[in-house]
Amino acid sequence: MRIVFILALLANSLDLVATALGIHWFGNREGNPLLAPLTDGHWGLFVMVKGVLVPLLIAGLYGLRRRTPVFASAGLAVVLVALTIALGQWLGWMAGVLHVSFLAKL
């Protein structure tokens, strides 16, 4: 259970970094696949949600592991899968942008 907790926090952090790179460096104004409406016009609110509220949700689910282990495990698994998918989408999109821009220079 501890490894899922750490992986969820790591995936959230990497997703926040990938979102920042994707939006500000590569110009993807559509934003994060999970929180797209927040990223486009409310960057500060998005950073607050991803940097504070999501880690608090993850820590809260981890704290529930003694009282409701099934709920806590399922919740952490859902969060981890969602964040991993979002991170993978960002990395795939950025790899595609880099590949196409490299091909365009040839």
Side-chain angles (χ1 to χ4, degrees):
M1 180 77 148
R2 187 174 295 149
I3 190 70
V4 175
F5 171 67
I6 292 171
L7 287 174
L9 288 175
L10 181 64
N12 184 57
S13 300
L14 291 174
D15 184 49
L16 182 56
V17 170
T19 302
L21 288 175
I23 290 174
H24 295 294
W25 190 24
F26 290 107
N28 181 353
R29 300 311 303 165
E30 293 175 16
N32 183 296
L34 296 176
L35 300 171
L38 281 180
T39 59
D40 194 30
H42 309 286
W43 181 252
L45 184 59
F46 171 75
V47 171
M48 179 77 85
V49 168
K50 287 294 289 176
V52 177
L53 293 180
V54 173
L56 286 176
L57 167 69
I58 294 167
L61 286 170
Y62 185 71
L64 287 174
R65 72 189 186 284
R66 300 247 187 255
R67 286 186 284 153
T68 56
V70 174
F71 176 74
S73 298
L76 277 174
V78 166
V79 169
L80 178 60
V81 168
L83 289 171
T84 303
I85 290 170
L87 180 61
Q89 287 179 338
W90 268 116
L91 294 177
W93 180 82
M94 285 190 275
V97 167
L98 289 173
H99 183 70
V100 168
S101 66
F102 175 74
L103 290 176
K105 291 179 184 178
L106 294 177

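- When the side chains of ILVMFWY residues are joined at heavy-atom separations under 4.5 Å, either directly or via intervening members, L45 and L53 end up in a single hydrophobic cluster.
- For the pair G22 and W90, the tightest heavy-atom approach, listed with the atom from each and the gap, is CA-CZ3, 3.3 Å.
- Listed by chain and number, the hydrophobic cluster partners of M48 are V52, L56, where partners are ILVMFWY side chains within reach of under 4.5 Å, directly or through others.
- By the side chain to side chain contact (heavy atoms under 4.5 Å, CB included) test, I6 pairs with R2, sequence neighbours left out.
- Think of V78 as one node in a network of Ile, Leu, Val, Met, Phe, Trp and Tyr side chains linked at under 4.5 Å; it has no links at all.
- Remark: P55 pairs with L9, N12 by the side chain to side chain contact (heavy atoms under 4.5 Å, CB included) rule, at least two apart or across chains.
- Tested against L14, the residues L83, T19, L87, L91 include a single side-chain contact (heavy atoms from CB on, under 4.5 Å) partner, L87.
- How far CZ of R65 is from OG1 of T68: 11.0 Å, rounded to the nearest 0.5 Å.
- A pairwise comparison of heavy atoms in A8 and I58 identifies O-CD1, 3.7 Å as the closest pair.
- Hydrophobic clustering, defined by side-chain heavy atoms of Ile, Leu, Val, Met, Phe, Trp and Tyr closer than 4.5 Å, leaves V100 isolated from every other such residue.
- Here ring pair (Phe, Tyr, Trp, His ring centres under 6.0 Å) pairs that include residues 49-73, with residues two or more places apart or in two chains, are F5-Y62.
- Applying the side chain to side chain contact (heavy atoms under 4.5 Å, CB included) test to V17 and every residue at least two apart in sequence or in another chain returns L21.
- Take L7 and apply the side chain to side chain contact (heavy atoms under 4.5 Å, CB included) test, not counting sequence neighbours, and it matches I3, L80.
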